[in-house]
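Please read the structure below before turning to the comments.
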Amino acid sequence: MMDKKVRVRFAPSPTGGLHLGGVRTVLFNYLFAKHFGGDFILRIEDTDQTRFVEGAEDYIFECLKWCGLTPDESPLHGGPYAPYRQSERKEIYRQYAEQLLKDGHAYYAFDTPEELDAKRKEIPNFQYNHQHRLALRNSVSLTETETAKLLEKNVPYVIRIKMPDNEEVRFTDMIRGEVNFHSSQTDDKVLLKADGMPTYHLAVVVDDYLMKITHAFRGEEWLPSAPVHILLWKYLGWINDMPKWAHLPLILKPDGNGKLSKRDGDRLGFPVFAMNWTDPKTGDPDSHREIKGFKELGFLPEAFLNLLAVLGWNDGTEQEIYSLDEMIEKFSIERVHHAGAKFDYEKAKWFNHEWIKRLPVTSYQLRVKKIFEEKGLVITDDEKFVKVLELVKDRCTLLTDFYEQSVFFFVAPSTIDIDSIKPKWNENKQMFFVELIRAYELLQQWQHDDLENTFKEIAAAHQLKSGELMLPLRIMLVGGKFGPGVFDIASVIGKDETVKRIEYTLGLL
RNA sequence: GCCGCGUUGGUCAAGAGGUUAAGACGCCUCCCUUUCACGGAGGAAUCACGGGUUCGAGUCCCGUACGUGGUACCA
């Protein structure tokens, strides 16, 4: 059991759309926190002013809202540890950087980016570390007075961590167990940049401490820099408050090599973002195009979360379909897989199909209605609409599929697959349909069974098997060989429309 | 290159020394349905490789290969 209240955070930088991996990181954080009755904090890591993208932060909130993963604290929702935007906490970080400086765990470095680039070119495998530190321009290699002079002259500087040259850094990862790094393998990371902003390394430690984060879950790409963070926790004197770590496996491209990226979506024809995203940056002609999201493509948030959850996690049973509440109940970080998982869009669609089938149509009725409206079909009769949705839901994988699966309930088919009727058409069948129309017009009741019985009686009278007449009827009503039961369709569209459609096709034959 | 992490069918994966190595997606066959789906029944397909340890290894150890991440005043 936990002695402190569980507090986790998701800390995106507002640089673009929220992709699958990001949402899954949110999900796992959220599930863990809620499982233990804890809090989920959203912090915006906007310390890189060169990468700031207009609208990205709002977009992140929109995505979380759609998913139903509401933060307990965030720049939007407020909270006791505000501000939650790192750019607004700038002064806080400096104070801790100075503490590190004072304690000898950090130093000033005056090298310009250009100088460092040159070094990297000149020296193979160059690292700003104990090996090269003394040959560079910093407060370790320079005398105190030289350093003071540079500082006084306002020469731009960064503050770097002074990595020990021979120390074993080990920690326990909740997913991977014991992990070891040698301190000499990591360079002296910049903590505070020349513009006074902290880098991720400093900011994440300071904020996690100040915000009383108990568990830090993040993508596996952070594993190599974990030793820097751990050392920082130690140097700042907070080691006993350090959160427990877990590094989540990556989501990989379906077809091969590497981390899933937004370009893979276009290339392979599936979404990688939660919702549509358009990069507002101009200049790059490629970046202005809208990138499709799961939401707009017709995914249900329930399905989206579900498919993400089981990409790298399972509860050890055969269960695959989980509601958010079930996930919260059953989630455990220890059962998260160690290896990266290739994303499979076919399986993703299967999840959506399952959720469409098991959720009441009324829960997504409004969204489907909007999709119809976008295609120019306005729904006025909600009762009929729900009936239709119920009839066709089994054959819809995406919400957008509802349109073509059910337009014919609302407007007569624009084309009739007449070629599928013609070859087996004859006088007798013609007579049958003429009589069917007459009989249907006289019908008092317009229910499925009445329609079917009448149909069969007349077929028998004409010595025709009803089976060979059902396909023509279907084509007359929907235009082709698809859709739910013919009498279901007829009963929903009503007598006038049914008769009209039969007559229309008869005229074509 | 160096460092880290990983490796069970095409994909997601169960498995914690002894199993006929689950299940799901996808694929194939059949049944249901005189449409298309849904549903049902079957099928093909797997422990990366090499060494150990052990009576016995997918499971433990070592090595190799492969994959992946990091190696920025980006996160």
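Keep in mind that what you see is a predicted model, and the values were worked out from it rather than measured. So you know, we letter chains A, B, ... as the sequences are listed, proteins then strands, and number each from 1.
Of the C1' atoms belonging to C55(B) and C62(B), the separation is 22 Å, rounded to the nearest Å. On the C1' atoms, U33(B) is 32 Å away from A22(B), given to the nearest whole Å. Rounded to a whole angstrom, the distance from the P atom of U11(B) to that of C27(B) is 16 Å. The gap from the C1' atom of C3(B) to that of G26(B) amounts to 38 Å, rounded to the nearest Å. For the P atom pair drawn from A57(B) and U19(B), the interatomic distance equals 10 Å after rounding to whole Å. With C1' as the reference atom, G63(B) and G23(B) are 34 Å apart, rounded to whole Å. Taking atom C1' in both G18(B) and A75(B), one finds a spacing of 49 Å when rounded to whole Å. Taking the C1' atom of each, U8(B) and C66(B) are spaced 16 Å apart, rounded to whole Å.
A distance-only check finds a donor-acceptor pair linking the side chain of Thr199(A) to the backbone of Val190(A) [under 3.5 Å]. For Ser139(A) (side chain) and Tyr108(A) (main-chain N/O), a donor-acceptor pair under 3.5 Å exists by modelled atom type. The backbone N or O of Asp417(A) lies less than 3.5 Å from no partner atom in the side chain of Lys481(A), so there is not a single donor-acceptor pair. At least one donor-acceptor pair under 3.5 Å links the side chain of Asn306(A) to the backbone N or O of Glu320(A).
Map His201(A) and Ala341(A) each onto its nearest nucleotide of RNA chain B; the residue landing nearer the 5' end is Ala341(A). Toward the 5′ end of RNA chain B lies the nearest nucleotide of Glu320(A), the other residue of the pair Ser466(A) and Glu320(A) mapping further downstream.
Across the protein-nucleic acid pair, Asp187(A) atom CG and C74(B) atom P stand 13 Å apart, rounded to whole Å. With rounding to whole Å, Leu250(A) atom CG is found 15 Å from U7(B) atom C1'. In this entry the distance linking CD1 of Ile230(A) with P of G4(B) reads 15 Å, nearest Å. Note: NE2 (His247(A)) to P (A75(B)) measures 16 Å, nearest angstrom. Rounded to whole Å, the distance from CE on Met174(A) to C1' on C5(B) is 18 Å. The distance between atom NZ of Lys342(A) and atom P of A24(B), rounded to the nearest whole Å, is 22 Å. Rounding to whole angstrom units, NE2 of residue His337(A) and P of C12(B) are separated by 9 Å. A16(B) atom C1' lies 18 Å from atom CZ of Arg176(A), rounded to whole Å.
Close to A14(B), at under 4.0 Å from its OP1 or OP2, lies a side-chain N or O of Asn314(A). Proximity of Lys193(A) to the phosphate of A75(B): a side-chain N or O atom is located under 4.0 Å from OP1 or OP2. Between His338(A) and the phosphate of G6(B), there is a side-chain N or O to OP1/OP2 separation shorter than 4.0 Å. Under 4.0 angstrom from either OP1 or OP2 of C36(B) there lies no side-chain N or O belonging to Arg474(A). Taking 4.0 angstrom as the limit, Arg120(A) places a side-chain polar atom (N or O) nearer than this to OP1 or OP2 of C73(B). A sub-4.0 Å separation between OP1 or OP2 of A75(B) and a side-chain N or O of Thr47(A) is present.
Nucleic acid contact for Val158(A): base, since at least one base atom lies under 4.0 Å from a heavy atom of the residue. Using a 4.0 Å heavy-atom cutoff across all strands shown, Asn180(A) reaches sugar-phosphate atoms only and no base atom. Using a 4.0 Å heavy-atom cutoff across all strands shown, Val478(A) reaches no nucleic acid atom at all.
Searching all strands for a Watson-Crick or G-U wobble partner of G6(B) with both distances below 3.5 Å returns C66(B). Base pairing of A72(B): no nucleotide in any strand meets the Watson-Crick or G-U wobble criterion (both distances under 3.5 Å).
Interatomic distance, CD of Glu91(A) versus CZ of Arg89(A), reported as 12.0 Å (0.5 Å rounding).
Listed by chain and number, the residues in a ring pair (Phe, Tyr, Trp, His ring centres under 6.0 Å) with Tyr209(A) are Trp238(A) (sequence neighbours excluded).
Judged by distance alone, with hydrogens and angles left aside, Lys189(A) brings no side-chain donor or acceptor close enough to the base of A72(B) to form a pair under 3.5 Å.
A heavy-atom distance below 4.5 Å is found between the side chains of Phe61(A) and Ser74(A).
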